[in-house]
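Structure record follows, encoded as structure tokens.
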Amino acid sequence: MIIKILIIGTLIYLVWALLHHKRDKSLTLPILLEYLLTVALVLILISGVIY
Amino acid sequence: MVKKLRQSWYTRSMAWQNWFIPHKDTHKKAHLISWEGLAIYILIFILLQVSFSIISYSKPGVLGITSSVDQKTLINLTNTERQKMGLSAVSENEALDKAADLKAQNMFAENYWAHFAPSGKTPWDFILSTGYKFTFAGENLAKNFYSSDEVVKAWMTSPTHRDNLLNPKYKDIGIAVVEGILNGQKTTLVVQEFGTTQNVAAKPAVAVQGKQIAVPQQDVVNPPQLVEGASQVKVDNKTLLDPYTASKVAGLSIIALITILLSLDIWVLRKRGVLRLSSYHIAHMVLLSLAAGSIFMLGPGAIL
């Protein structure tokens with residue numbers, strides 16, 4: 001249940017980030033990397049705690 | 001000379017500050033919350049996990065979880081849950097206790113976490129080998145829980161384990177709580193066996209993970225002979241490090257550090273009256289809070 005909520009939260013975060021920066025015309029590679037690495041960090045931290 | 005030294009000291013101290021607060025001239029994000037910083041955190045956490053794997057492999061038993069799960073408390077809690085649903089209590093059965101113990105010892109000996117052993121041993125092999133002639137039986141497994149309450153709560157949350165625990169057919173119960181080394185880490189295994197010798201089914205069957213498996217006739221006629229304690233390994237009571245707690249502390253520390261630095265970044269830029277084209281800190285903070293909450297609530301225990 002907790003994992004499901006986190007995965008849904010992560011997807012919303014990514015989709016929102018892409019749409020927002022695209023509309024804002026501010027989607028640069030460093031900004032995209034920041035969002036992707038934040039998601040990667042969150043998923044790695046969670047998987048490290050579970051397994 | 002003094003001026004040069006002062007200038008060099010000032011440059012160095014400013015470079016040090018750039019790791020934590022936005023650059024004073026360019027207003028560039030602090031290094032520790034840039035994408036490079038995030039990559040460093042990921043690398044550090046992966047290194048921590050890899051070092052746990054290396055330690056587990058080279059020094060089995062150094063890492064692990066020390067638990068206080070108690071066999072009698074588990075039986076009482078199981079009966080409390082059954083009685084809440086208006087079902088009869090199950091009685092502790094010596095043969096089922098022995099079967100549960102045999103199963104746990106076998107899991108350590110063959111190094112597996114499953115209802116069926118890699119060597120082909122089935123859940124009913126352990127029960128039949130103790131001479132318990134069941135018509136219907138069931139098995140629940142748990143590992144690495146800190147307390148008995150957590151084990152029963154986890155079984156009650158899972159629909160298939162709950163169905164097993166609350167099955168009205170069962171009259172007897174056997175539980176084993178055994179410590180050993182599984183995958184290089186000190187592990188506490190809980191094996192819960194249920195059974196009845198009353199005539200409730202046409203053919204003997206075993207309920208495992210929500211499935212009812214018919215026991216082959218040849219297994220009933222010629223039950224396997226399994227010897228208790230044949231491969232028992234002595235485990236130290238205290239492990240040096242609980243990898244779960246270490247990962248949890250490391251994860252929460254990284255999240256706390258990033259959240260503090262993001263807040264500091266917002267505060268410093270507001271104070272300077274600067275608008276910077278960047279990713280949104282609030283969005284990062286929401287996701288990190290969600291992750292922190294999840295890490296805080298998750299436990300190392302697993303059921304099967």
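Lettering of chains follows the sequences in order, A, B, ..., and the numbering in each one begins at 1.
A donor-acceptor pair shorter than 3.5 Å cannot be found between the side chains of B/Tyr280 and A/His21.
Here the shortest heavy-atom pairing between B/Ser294 and A/Leu6 reads OG-CD1, 3.7 Å. The nearest pair of heavy atoms linking A/Glu34 to B/Leu38 is O-CD1, 3.5 Å. Summarising the geometry of B/Leu290 relative to A/Gly9, their closest heavy-atom pair is CD2-CA, 3.9 Å, with the distance given to 0.1 Å. Counting all heavy atoms, side chain and backbone alike, B/Phe45 lies closest to A/Gly48 at CE2-CA, 3.8 Å.
Only the side chain of A/Ile3 comes within contact range of chain B, with heavy atoms under 4.5 Å apart. Looking at B/Ile255, only its side chain comes within 4.5 Å of chain A, counting heavy atoms on both sides. Residue contact with chain A, scored on non-hydrogen atoms closer than 4.5 Å, involves the side chain of B/Ile258 exclusively. Interface residue B/Tyr41: backbone and side-chain heavy atoms are both found under 4.5 Å from chain A.
Going from atom OG1 of A/Thr38 over to atom CG of B/Leu288 covers 6.5 Å, rounded to the nearest 0.5 Å. Note: A/Leu45 CG to B/Ile295 CD1 = 5.0 Å, rounded to the nearest 0.5 Å. Rounded to the nearest 0.5 angstrom, B/Ser247 OG and A/Ile46 CD1 are separated by 11.5 Å.
B/Phe116 CZ: more than 12 foreign heavy atoms inside a 6.0 Å radius. More than 12 non-hydrogen atoms from other residues, nucleotides or ligands lie less than 6.0 angstrom from CH2 of A/Trp16.
In terms of heavy-atom pairs under 4.5 Å with chain B, the best-connected choice from A/Leu41, A/Val42, A/Leu43 is A/Leu41. Here B/Ala291 is the residue among B/Ala302, B/Pro300, B/Ala291, B/Ala292 with the most heavy-atom pairs under 4.5 Å with chain A.
Between A/Val39 and B/Leu287 the shortest side-chain heavy-atom distance falls below 4.5 Å. With a 4.5 Å cut-off on side-chain heavy atoms, B/Val286 and A/Tyr13 do not count as touching.
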